[in-house]
Amino acid sequence: QLRLVESGGGLVQSGGSLRLSCAAPGKTLNFYAIAWFRQAPGKEREGVSCISSSRGNTDYTDSVKGRFTISRDDARKTVYLEMNSLKPEDTAVYYCAADSSLDNGLGYCDLKDYRYEHWGQGTQVTVSS
């Protein structure tokens, strides 16, 4: 089982920025496709962004395109989600998830939560208006 730990959440004003981190202490994430999901109170979990293990291909849900950037630093064994121009509707608990079977060398990742085997505990992001 892969233990994922998210960090970087917090309270920020509308228009501000945060950077979330996802790491697996003592392990590398090089061979995992990684995704960020979020869940706001009373809403379903939503795929926000993902990055493949090979080729570094990325995908974003439409509502964050141009504002969020996902990246991976394999040397630091960390995946980041840089969030800019934050809006109150971005308020949610953000989770990172990993799966080693998604990519298959094809540079693939997915924004569907059922495709991911390993999950972190989440970090709260609150954007005030």
Side-chain angles (χ1 to χ4, degrees):
Q1 186 72 11
L2 184 70
R3 185 171 76 95
L4 298 173
V5 179
E6 303 97 336
S7 61
L11 173 64
V12 64
Q13 288 188 334
S14 182
S17 299
L18 285 173
R19 187 176 76 163
L20 305 183
S21 300
C22 174
K27 297 196 176 182
T28 179
L29 294 176
N30 294 19
F31 306 109
Y32 292 84
I34 304 293
W36 286 96
F37 293 84
R38 66 186 179 187
Q39 189 165 23
K43 294 189 177 181
E44 293 188 354
R45 187 160 56 191
E46 173 190 27
V48 175
S49 181
C50 66
I51 187 166
S52 65
S53 58
S54 66
R55 308 187 189 187
N57 292 339
T58 60
D59 195 11
Y60 299 89
T61 192
D62 286 345
S63 63
V64 308
K65 285 180 180 176
R67 300 189 297 123
F68 291 12
T69 303
I70 191 171
S71 62
R72 59 192 311 150
D73 184 336
D74 290 336
R76 296 190 175 188
K77 303 176 182 179
T78 303
V79 172
Y80 301 102
L81 184 68
E82 186 77 36
M83 306 187 296
N84 298 315
S85 302
L86 282 162
K87 305 174 181 180
E89 50 264 44
D90 295 317
T91 295
V93 178
Y94 283 71
Y95 302 89
C96 72
D99 197 276
S100 61
S101 63
L102 260 178
D103 189 301
N104 289 322
L106 301 177
Y108 182 73
C109 68
D110 205 309
L111 294 179
K112 301 180 186 67
D113 57 4
Y114 63 83
R115 299 298 303 271
Y116 292 85
E117 180 179 3
H118 308 284
W119 289 81
Q121 294 300 306
T123 185
Q124 176 70 46
V125 171
T126 303
V127 184
S128 63
S129 57

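One is the number of the first residue; the rest follow in order along the sequence. Please read all numbers here as calculations on a predicted model, not as lab measurements.
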Using a 4.5 Å cut-off on heavy atoms from C-beta on, say whether the side chain of [Y] contacts that of [X].
{"X": "Ser63", "Y": "Glu89", "value": "no"}
{"X": "Asp90", "Y": "Met83", "value": "no"}
{"X": "Thr91", "Y": "Gln124", "value": "yes"}
{"X": "Arg3", "Y": "Pro25", "value": "yes"}
{"X": "Tyr60", "Y": "Arg67", "value": "no"}
{"X": "Leu29", "Y": "Leu2", "value": "yes"}

Non-hydrogen atoms of Glu117 and Asp99 that approach each other most closely: N-OD2, 3.1 Å
For Asp103 and Ser54, which heavy atoms make the closest approach, and how far apart are they? OD1-OG, 2.7 Å
Is it true that a side-chain atom of [X] and a backbone atom of [Y] form a donor plus acceptor pair closer than 3.5 Å?
{"X": "Gln121", "Y": "Glu6", "answer": "no"}
{"X": "Tyr116", "Y": "Asp110", "answer": "yes"}
{"X": "Ser14", "Y": "Ser128", "answer": "no"}

Determine whether Tyr32 and Lys27 satisfy the following criterion, side-chain contact (heavy atoms from CB on, under 4.5 Å), listing intermediate values before the conclusion. CA-CA 11 Å; Tyr32 292 84; Lys27 297 196 176 182; 6.0 Å; no
Does atom CZ of Arg45 have more than 12 heavy-atom neighbours, drawn from other residues, nucleotides or ligands, at distances under 6.0 Å? yes
Hey, any chance Tyr95 and Leu102 share a hydrophobic cluster, counting ILVMFWY side chains that come within less than 4.5 Å of each other, even indirectly? yes
Do Val12 and Val64 share a hydrophobic cluster, counting only Ile, Leu, Val, Met, Phe, Trp and Tyr and linking them when any side-chain heavy atoms are less than 4.5 Å apart? yes
Report the C-alpha distance between Lys65 and Asp62 in whole Å, list the side-chain angles of each, state the deciding distance to 0.1 Å, and finish with yes or no for salt bridge (charged side-chain N to carboxylate O under 4.0 Å, His left out). CA-CA 5 Å; Lys65 285 180 180 176; Asp62 286 345; 3.0 Å; yes
Angle class for the Phe37/Trp119 ring planes (parallel below 30°, perpendicular above 60°, tilted otherwise)? tilted
Please, which pairs that meet disulfide (SG to SG under 2.5 Å) have at least one residue in residues 25-96, sequence neighbours excluded? Cys22-Cys96, Cys50-Cys109
Among Leu4, Ile70, Asp74, which one satisfies side chain to side chain contact (heavy atoms under 4.5 Å, CB included) with Val79? Ile70
Against Tyr80, only a single residue in Thr69, Ile51, Ile34, Asp73 fulfils side chain to side chain contact (heavy atoms under 4.5 Å, CB included); can you say which? Asp73
